[in-house]
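Working notes, structure below.
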Amino acid sequence: MKIATYNINGINGRLPGLLRWLDEARPDVVCLQELKTSDATFPKAAIEEAGYGALWSGQKSYNGVAILARGNQPVETRRGLPGDPQDVQSRYLEAAASGVLVGCLYLPNGNPQPGPKFDYKLAWFRRLIAHARELVDQTEPVLLVGDYNVVPTDDVADIYNPRSWLDDALLQPESRAAYRELLAQGWTDAIAAKHPGEPMYTFWDYFRQRWPRNAGLRIDHLLLNPAATRRLKDAGVDRAMRGVEKASDHAPAWVTLAAKRGA
DNA sequence: ATGTCGGCAAAATGCCGA
């Protein structure tokens with residue numbers, strides 16, 4: 001089975017491209033981020049017509065996450081991270097779908113840093129780490145996937161060149177330390193595990209001709225608990241989606257899992 | 001400092017967030 005994550009950057013503005021990709025890539029479970037739409041204007045009918053059941057947590061203009069499942073309805077297990085009842089931003093949704101538990105997350109960007117937005121990013125990360133602790137040792141496959149807004153290292157696998165991003169929240173030592181702390185619970189970064197040392201970018205800024213120059217960053221990640229890692233077959237990025245008309249600034253990233261443990 | 005997008009309010013342009 002195939003599980004994908006895609007920061008769509010406005011689901012209604014990019015719906016035709018999304019539907020084409022669903023038809024071609026045929027992922028079983030899809031986590032979307034940056035819907036940029038309220039609950040009422042989520043394109044439920046078009047998604048269902050494409051053969052997917054859906055759950056979504058919308059927010060007008062900003063944020064927003066959704067979980068799609070091919071041929072069935074995902075069963076919601078959590079909406080929003082625990083730990084801050086004041087937090088009204090739609091950035092986390094969790095569901096059981098097609099035999100796996102999937103957390104769909106849109107971690108705060110955190111720019112400019114330092115400042116309140118960076119503080120919010122780190123606080124949100126603390127809440128994610130605390131919640132992930134409750135999930136990692138489950139006996140069934142669990143995946144925490146989405147736009148983490150963290151470039152894990154300065155290696156060319158993760159960024160074309162850190163020079164113009166040194167002050168960016170995506171590269172800060174605190175952001176990277178939090179990401180490492182999460183992994184240290186026992187999660188596997190599937191893209192890094194399957195493609196060590198290989199440029200596996202998932203985001204190319206609209207500015208400065210960054211897509212034509214392949215000046216990308218790896219910020220969308222699929223983290224697998226040990227039960228899911230045992231079934232990990234392959235991982236990749238659908239780079240071509242960054243080159244289509246009206247493309248999101250992100251490309252979809254995905255993993256495939258064997259149907260049964262050890263298969 | 002700059003660059004380019006989508007969404008949105010409120011006017012065919014400017015702002016925000018990324």
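Labels below follow one simple rule: chain letters A, B, ... track the order of the sequence lines, proteins then strands, and each chain is numbered from 1. The model shown is predicted, which means the values in this text are computed figures rather than measured ones.
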Spacing of the P atoms in B:dT2 and B:dC8 (rounded, Å): 27 Å
Would you indicate whether A:D167, at its atom CG, is surrounded by more than 12 heavy atoms from other residues, nucleotides or ligands within a distance under 6.0 Å? no
Starting from P on B:dC16, measure out to CG on A:N63 and report it in whole angstrom. 16 Å
If you take any heavy atom closer than 4.0 Å to DNA chain B, which residues from residues 171-179 of chain A end up in contact? none
In terms of ring plane angle, is the pair A:W56 and A:F42 parallel, tilted or perpendicular, where the classes change at 30° and 60°? parallel
Compare the minimum distances between each of B:dC8, B:dT4, B:dG17 and the side chain of A:Y62, then state the nucleotide with the smallest one. B:dG17
Determine whether more than 12 heavy atoms belonging to other residues, nucleotides or ligands lie under 6.0 Å from atom CZ of A:R213. yes
Roughly, in whole Å, what's the span from CG in A:D168 to C1' in B:dG17? 13 Å
When the nearest nucleotide of DNA chain B is assigned to A:D147 and to A:G13 on a heavy-atom basis, which residue is associated with the more 5' position? A:G13
Should the heavy atoms of other residues, nucleotides or ligands under 6.0 Å from CD of A:Q209 be counted, would the total exceed 12? no
Between B:dA10 and B:dC16, how far apart are the two C1' atoms, rounded to whole Å? 15 Å
Counting only heavy atoms not in A:R26 (residues, nucleotides, ligands), do more than 12 fall under 6.0 Å from its CZ? no
Grab the two heavy atoms, one from A:C104 and one from A:A66, that are nearest each other, plus how far apart they are. SG-O, 3.5 Å
Within 6.0 Å of NZ in A:K2, more than 12 heavy atoms from elsewhere: yes
Round to the nearest Å and state the distance from A:L170 atom CG to B:dG17 atom P. 17 Å
Count the heavy atoms of every other residue, nucleotide or ligand shown that sit under 6.0 Å from CZ of A:R20, and state whether that count exceeds 12. no
Nearest whole angstrom, please: distance from the P of B:dG17 to the NZ of A:K121. 16 Å
Does A:Q89 or A:L35 map to a spot on DNA chain B nearer the 5' end, using the closest nucleotide for each? A:L35
Give a yes/no on whether any side-chain N or O of A:R210 is located under 4.0 angstrom from OP1 or OP2 of B:dG3. no
With respect to the side chain of A:K60, which nucleotide from B:dG7, B:dG6, B:dA9 is positioned closest? B:dA9
Gap in Å between the two C1' atoms, one belonging to B:dG7 and one to B:dA12, rounded: 16 Å
Whole-Å gap separating C1' (B:dG6) and CD (A:Q33): 16 Å
Describe the nucleic acid contact of A:Y106 in one word from base, sugar-phosphate, nothing, applying a heavy-atom distance below 4.0 Å. sugar-phosphate
Using only side-chain N and O atoms of A:K117, determine if any of them is under 4.0 Å from OP1 or OP2 of B:dG17. yes
Just confirming the chi classification of B:dA12, syn or anti, using 90° around 0 as the syn window. syn
Is A:K246 close enough to B:dG6 that one of its side-chain N or O atoms is under 4.0 Å from OP1 or OP2 there? yes
Looking at B:dG17, I'd like to know if its phosphate oxygens (OP1 or OP2) sit under 4.0 Å from a side-chain N or O belonging to A:K36. no
Could you state the CZ-P distance from A:R213 to B:dT4, rounded to the nearest angstrom? 13 Å
Length of the line joining A:R14:CZ and B:dA18:P, which is rounded to integer Å: 15 Å
Nearest-Å distance for atom pair CZ/C1', residues A:R208 and B:dA18: 15 Å
With rounding to the closest Å, how many angstrom separate the P atoms on B:dG6 and B:dA1? 26 Å
